[in-house]
Every structure is written in structure tokens, then in C-alpha cells.
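This report concerns only the one structure given below.
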Amino acid sequence: MVICTLGDALLDIVVRLERPLAAGDDVVAVTTLEPGGQAANVAAWAAALGAEARFLGRLGDDEGGQLVAAALRDRGVRLDGPPRLGRNGVVVSLVEPGGARTMASDRGVAPEFGPHELEPRWLEGCDWLHVAGYSLLRSPIDAASLAAGVLARRAGARVSVDVSSSETVAAYGPAQFAALLHELEPDVLFATEPELAVLDGAVSSPTVVVKRGPRGFVIRQDDKEQEYEADPVDAIDSTGAGDALAAGFLVGGAGLAREAAARCVAKVGAMP
């Protein structure tokens, strides 16, 4: 099984708060530095779950980019993409005691990955191309995502997409985003309930995996729905849980998706 992911590989600064933030107040926290980015997370989890994983995207040539590249390689992920340049992206994740998170994202050079930089060999032997929805919301990486979808199909791969963010899709334009989904024709669409609500039914994928956090997930397929409860676990950090779930589903179906999500929330950081 070969899983290729396209999107961002970022540096995650995870701040675990002792209590919720209060304006003008000081809150005790534990801060860690981790690799992240939705596409990178899915690749890392796919590798940890036994697949061959490849990440496609642009990394910076600064210290942040070097740290992220080393972390992905250490996790068994092959890195494909154009030459590194510029400033790598950084995400600050604020994690409350119950595991809920709030993020501030700076994508750096990731959205500058253009279609002319794609090489067909990066997708040779690929079983799945997983596209992060964030990659459809900026240019020229949106065109690179569409071009990669075409190359993946020619190589015999299936395509999956994660909607990624309800607020960002709403700001971008749900109709325009739905049009890009229609062009990509994903075999599997991953989305939260708020993300599906923003799209207002404009989803035509054969399989839709609805991520519901601690309530588990729902698989909609062939006009049927199957609910899956989340594995019981003491949640420490929910960062990346949806990405772990997506990787598990692509590698081994619903059971592995459930297991991977539980493993993710039981630890700090988005990657295994």
C-alpha cells in the first residue's frame, strides 16, 4: 500500500494550557515543538500504520523546514517536491485541559507549490493520493492539486480529500470549493459536520467519512450510514486526530481509522 499526500508540512508549536486563556492574564502551560501540517500528518500516520508513505509539497530552506524534513524522514516518509526555498510554515496550537484546540496558522511557502513543478514519477505506484483541503484554497497549489489528481488517476490510484476547515471554506466560497471537489472527483471525502454544513449538500463522493471527534465517525456509502464510536481513551491532545483517522481509513478501513485516532489523542502532538 502506497499513500501519497499533497499539501503542507509545517512546524507545530503545541501549547498545552493548564486552564483556558483569560484576557490580560497569565496561564501556566507546557510547550512542545512538533512537525505537523495536515498532509504531513497523514503521511506520517500512514507510515506508522504499515504503508509506504510519500509527502508531496514545498518546504522552506530555513531551520523550520530542516526540522520538519528530518522529522518526516525519521518517521519513514519519503519527501518529494520542488527545491526548498524561503520560510517554512508554522502553526501554533493552543490545547485546553479537555483536549480542545485552537490554531493560528502561517503556511509559509507551502501554497507556492505550482503545477509546473509536479513530476509524474512522484506518483508512480501510488494507491491513494490524499489532498488536504487547504491545498485547494490558495494558488498555485490549488492547480498543483488538480494536476496531481489527474496524474494519480493515470497511475491507477484513487483520490481522497479532507475538507480541512469550515471557516476557511466559508470565507473562500462554498460553491467555488465544491466546484474544485467536483473536478477532483474524490473517491473518499473526509469532513466534519460543520464542514459538510458549509458545503450544504454539495458532496458527490462515493464514500464520505464524517469526523465527529469524541463521538467517533460516520461512513456514508451507497445511500447507507454506519456509525463508529470512538475508542475509549484519556484525551490529552486532539491535534491531528482527524489526520490519523484518515490515514487509518486509507490504509486499513474503519477499524484501523478508529484505532489510529485513539492513539493520536492519547499523546501530545499530531504525529506518531
Side-chain angles (χ1 to χ4, degrees), residues 5-21 25-49 53-81 83-113 130 132 134-135 138 141 162 164-165 168 233-247 260-272:
T5 69
L6 189 152
D8 298 3
L10 309 173
L11 195 61
D12 270 358
I13 300 174
V14 182
V15 183
R16 295 177 58 203
L17 303 171
E18 186 178 87
R19 58 183 174 82
L21 289 174
D25 197 3
D26 186 16
V27 176
V28 175
V30 175
T31 302
T32 57
L33 202 62
E34 305 280 347
Q38 191 171 69
N41 292 340
V42 174
W45 277 102
L49 296 171
R54 305 173 189 170
F55 168 80
L56 280 63
R58 180 179 286 284
L59 292 170
D61 62 357
D62 58 359
E63 290 185 1
Q66 294 170 21
L67 287 171
V68 171
L72 285 171
R73 288 198 185 98
D74 287 346
R75 287 167 170 81
V77 177
R78 190 180 96 181
L79 304 180
D80 290 319
R84 298 180 202 167
L85 64 98
R87 179 177 50 82
N88 209 81
V90 178
V91 174
V92 179
S93 298
L94 302 177
V95 184
E96 296 187 6
R101 63 187 170 92
T102 303
M103 299 187 300
S105 300
D106 171 6
R107 296 178 63 189
V109 297
E112 297 173 14
F113 182 29
H130 181 77
Y134 292 114
S135 300
R138 295 272 297 275
I141 195 173
D162 194 306
S164 300
S165 169
T168 309
V233 64
D234 291 330
I236 295 175
D237 179 9
S238 64
T239 307
D243 303 332
L245 186 150
R263 283 175 56 184
C264 185
V265 300
K267 58 177 284 298
V268 176
M271 289 190 182

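Remark: side-chain polar atoms of W45 are paired, donor with acceptor, to backbone N or O of A270 under 3.5 angstrom.
Minimum heavy-atom separation, I141 to A110: CD1-O, 3.5 Å. Scanning both residues, A44 and P272, for their nearest heavy atoms gives O-CG, 3.6 Å. Closest non-hydrogen pair, G76 versus A47, comes out as O-CB, 4.2 Å. Of all heavy-atom pairs between V265 and A241, the closest is CG1-CB, 3.5 Å. Nearest heavy-atom pair, A261 versus L245, reported as atom, atom and distance to 0.1 Å: CB-CB, 4.1 Å. Nearest approach of A260 to A244, heavy atoms of both residues: CB-O, 3.4 Å.
When side chains are defined from C-beta on, L49 counts as touching R263, because their heavy atoms get closer than 4.5 Å.
Residues passing the side-chain contact (heavy atoms from CB on, under 4.5 Å) test with A9, sequence neighbours excluded: A40, F55, L59, V68, L72.
Under the side-chain hydrogen bond (donor to acceptor under 3.5 Å, both in side chains) criterion, the residue pairs touching residues 68-80 are R78-D80, with sequence neighbours excluded. Applying the salt bridge (charged side-chain N to carboxylate O under 4.0 Å, His left out) rule to pairs touching residues 53-71 yields E52-R54, R58-E117, sequence neighbours excluded. Pairs of residues two or more places apart, or lying in two chains, that qualify as salt bridge (charged side-chain N to carboxylate O under 4.0 Å, His left out) and include a residue from residues 104-113 are D8-R107, R87-D106.
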Enumerate, atom names and distances included, each donor-acceptor pair closer than 3.5 Å involving a side-chain atom of residues 31-39, sequence neighbours excluded.
| from | atom 1 | to | atom 2 | distance (Å) |
| --- | --- | --- | --- | --- |
| Q38 | OE1 | S164 | OG | 2.6 |
| Q38 | NE2 | D243 | OD1 | 3.4 |

Would you mind writing out the side-chain donor-acceptor pairs for residues 12-20 within the sub-3.5 Å range, not counting sequence neighbours?
| from | atom 1 | to | atom 2 | distance (Å) |
| --- | --- | --- | --- | --- |
| R19 | NH2 | D25 | OD2 | 2.9 |
| R19 | NH2 | D26 | O | 3.3 |

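Here the CE atom belonging to M103 is positioned 9.5 Å from the CG atom belonging to L10, to the nearest 0.5 angstrom.
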